[in-house]
Amino acid sequence: MQQQPSNLQQSNIFIGAFLVLLLLLIVAIGILFSDPWMFMKFPLEDESAALLALSIVFMLIALIPFALSRKNGKFDWFEVICIISGAYLLTFALRGIYVVFVPAQIGLRYYADTLVQAQFLSLGGFVCLLVGYYVPLTRYLARRVPVPRWRWSLSPGFGKVILLFLIGLGARIALTFESIPSAFQYYLVWLNQLMGLAIGIAILYVFVASKHRRRWMILVLVLLPIHSLFAFIGTGNKITLLEPIFLMVISYHYFKRPISVYVVLILGLVLSLTIFPFIARYRIQRVQLDPLERVTATLIELGSGRFEYSSLAIASVMNRSHLVDSVALIIRYTPEQDLVAGVQTYLLIPAYAFVPRALWPDKPLDSAIAFGHEYLGLSGNTSIGISNPGDLYKNLGVGGVLVGMFALGVFYRVIYEILIAGRRSWTFDTRLPLYYIYFFVLQQLYIATESPVSLGLSELLKQLLLLLLVAFFMRAPLNRP
């Protein structure tokens, strides 16, 4: 009988195949950047066909992690690499296909001549990210990271959760006062996150509490409208509004039973057809209106028949998922990279995270805002998605994209090993705070795919510190179950 290859052998074969594919991509990227039109001369006749072909290849490669994450007949939708691959599938692969067909002539875009280069470079970077995620080095690195073994009670009281929420609510109200010195606003913005973190704890205990689960559900129903109201009145931020839904879904997935592909697809379709188009139209209503009037105007507009609703829903998702366009702009307009300054940008990530502007007057402008100023001629404080590959190319060039994306892949896997995969032997009450931290870290990692690497990681560091403080605050006393 022929001996089947072991899991280690299968892993080595997979990694070897990736390395070969990576080598071919590196060679192709070198050719493409030396002659941008060489890739299109044969057999593809124009940039639309080239972009479509690359986008389809990107889509197929982005689906690989979902197949590898299949466990017990179900996908682990919430492994880090699946969430990250989903982000790249949407903002690069599907966006590329959308750009080809809506409008059909991508030559109408003034950066069309670099869209193919942008897609190809991003594809090469994504493959490097996958290689970094799956190399065996990641588990070795994860085992070297000390992890506190705090225990959370399975039947805690409500007092600590309500206190955290009230602190966050107080910080949010304080931010509305113009008399607050700018030096304190940095810390108020940081503490404002406690509202969402407290609701996250309550949602978690709806699924895991050994008793009084109905009371935890009532607490969620009381706190959630307050949190959502402040988020909606402020900016109509989709992430803040979708966060509770995400926390409920991921808690069910890990604490009840794995979610099937059909549930994920149906949930994604419902959100795409409801929340996304509503928020998109709400944001463009006249800011002079109060929130209730803006909601009313949005509902009237959507019900007037002016829009084909399905087209509006697709456009509201795809027009925001413009990262391949951002990379194309960066390739077209970026002068020669200053490698020293680029490396310095990433070395200063901890300083960006924890040193407020009041103590660092020359602290650089948010690079997502600076991107809008430099490349699109915008003014004000509007952040524009730049993407990790775009940021790495802007600062370090093609080599920086390949090496930097590999490093990000290693980083993603280390996080997953530390918080989830490497702690399965721990008791459930000691794994509970790690699940909690992971749920919020996973959201930030998804958001960070749109931002410059320095901004995404600095925001992650700030959030991680707050999560650790909350986890420590919620730990159970040693003499209680």
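Since we're looking at a predicted model, the values are computed, not measured.
More than 12 non-hydrogen atoms from other residues, nucleotides or ligands lie less than 6.0 angstrom from CZ of Arg213. The neighbour count for Arg214 CZ, taken as heavy atoms of other residues, nucleotides or ligands under 6.0 Å away, does not exceed 12. The neighbour count for Phe428 CZ, taken as heavy atoms of other residues, nucleotides or ligands under 6.0 Å away, is above 12.
Not a single donor-acceptor pair under 3.5 Å links the side chain of Thr334 to the backbone N or O of Lys394. With hydrogens and angles disregarded, no donor-acceptor distance shorter than 3.5 Å links the side chain of Ser458 to the backbone of Ala353. Side chain of Ser387 to main chain of Gly390: a donor-acceptor pair is present (N/O by atom type, distance under 3.5 Å, no hydrogens or angles).
Contact of the Phe92 side chain with the Leu123 side chain is not registered, since no non-hydrogen atoms from C-beta on lie closer than 4.5 Å. In this structure the side chain of Leu121 never reaches within 4.5 angstrom of the side chain of Pro389, judged on heavy atoms. Side-chain contact between Leu90 and Arg95: absent, with no pair of heavy atoms (C-beta onward) separated by less than 4.5 Å. Leu204 is not listed as a side-chain neighbour of Leu247, based on a closest heavy-atom distance of 4.5 Å or more. In this structure the side chain of Leu445 never reaches within 4.5 angstrom of the side chain of Ile83, judged on heavy atoms. Using a 4.5 Å heavy-atom cutoff, the side chains of Val398 and Tyr393 are in contact. For the pair Leu455 and Asp391, the minimum side-chain heavy-atom distance is 4.5 Å or more. At least one side-chain heavy atom of Met405 sits less than 4.5 Å from a side-chain heavy atom of Leu408.
Scanning both residues, Leu130 and Pro65, for their nearest heavy atoms gives CD2-CG, 3.6 Å. Between Gly125 and Leu402, the closest heavy-atom pair is N-CD2, 4.2 Å. Contact record, Val220 with Ile203: CG2-N, 3.8 Å, taken as the closest heavy-atom pair. Counting all heavy atoms, side chain and backbone alike, Leu219 lies closest to Ala202 at CD2-CB, 4.2 Å. Heavy-atom minimum distance, Ser55 versus Gln119: OG-NE2, 2.9 Å. When all heavy atoms are compared, the tightest approach of Val135 to Thr138 is O-OG1, 3.0 Å.
Ring planes of Tyr205 and Trp216: parallel class, angle under 30° (limits at 30 and 60°). Between Phe78 and Phe246, the ring planes lie perpendicular to each other; the angle is over 60°, past the 30° to 60° tilted range.
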* To do: Take Trp360 and Phe354, measure what ring pair (Phe, Tyr, Trp, His ring centres under 6.0 Å) needs, and give me the verdict at the end.
  => CA-CA 10 Å; Trp360 185 5; Phe354 299 116; over 10 Å; no
* To do: Could you please spell out the steps behind the side-chain contact (heavy atoms from CB on, under 4.5 Å) verdict for Val80 and Arg413?
  => CA-CA 7 Å; Val80 175; Arg413 184 57 180 266; over 6 Å; no
* Residue pair Ser85, Phe126: steps toward the side-chain contact (heavy atoms from CB on, under 4.5 Å) verdict -> CA-CA 9 Å; Ser85 296; Phe126 180 73; 3.6 Å; yes
* side-chain contact (heavy atoms from CB on, under 4.5 Å) between Tyr346 and Leu392, worked out -> CA-CA 10 Å; Tyr346 301 122; Leu392 289 165; 3.6 Å; yes
* Going through the distances and angles, do Arg257 and Tyr252 end up as a side-chain contact (heavy atoms from CB on, under 4.5 Å)? -> CA-CA 6 Å; Arg257 62 179 62 89; Tyr252 184 91; 2.7 Å; yes
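Atoms CD1 and CZ, from Ile418 and Arg144 in turn, are 12.0 Å apart once rounded to the nearest 0.5 Å. Rounded to the nearest 0.5 angstrom, Leu464 CG and Ile415 CD1 are separated by 8.0 Å. Between the CG atom in Leu434 and the CG atom in Leu467 there is a gap of 11.5 Å [rounded to 0.5 Å]. Expressed to the nearest 0.5 Å, how far CG of Leu89 lies from CZ of Phe66 amounts to 6.5 Å. To the nearest 0.5 Å, the span separating CD on Glu450 from CG on Asn388 amounts to 10.0 Å. The CZ atom of Arg172 sits 14.0 Å away from the CG atom of Leu194 when rounded to the nearest 0.5 Å.
The side-chain tip of Lys160 points at the ring of Phe473 from less than 6.0 angstrom away and within 45° of straight on.
By the ring-ring contact (aromatic ring centres under 6.0 Å, His included) test, Phe411 is found to be paired with no residue, residues two or more places apart in sequence or in another chain being considered.
For the ring pair (Phe, Tyr, Trp, His ring centres under 6.0 Å) with Trp150, the lone residue among Trp426, Tyr436, Phe472 that qualifies is Phe472. Residue Leu442 forms a side-chain contact (heavy atoms from CB on, under 4.5 Å) with just one option from Tyr438, Phe439, Phe440, and that option is Tyr438.
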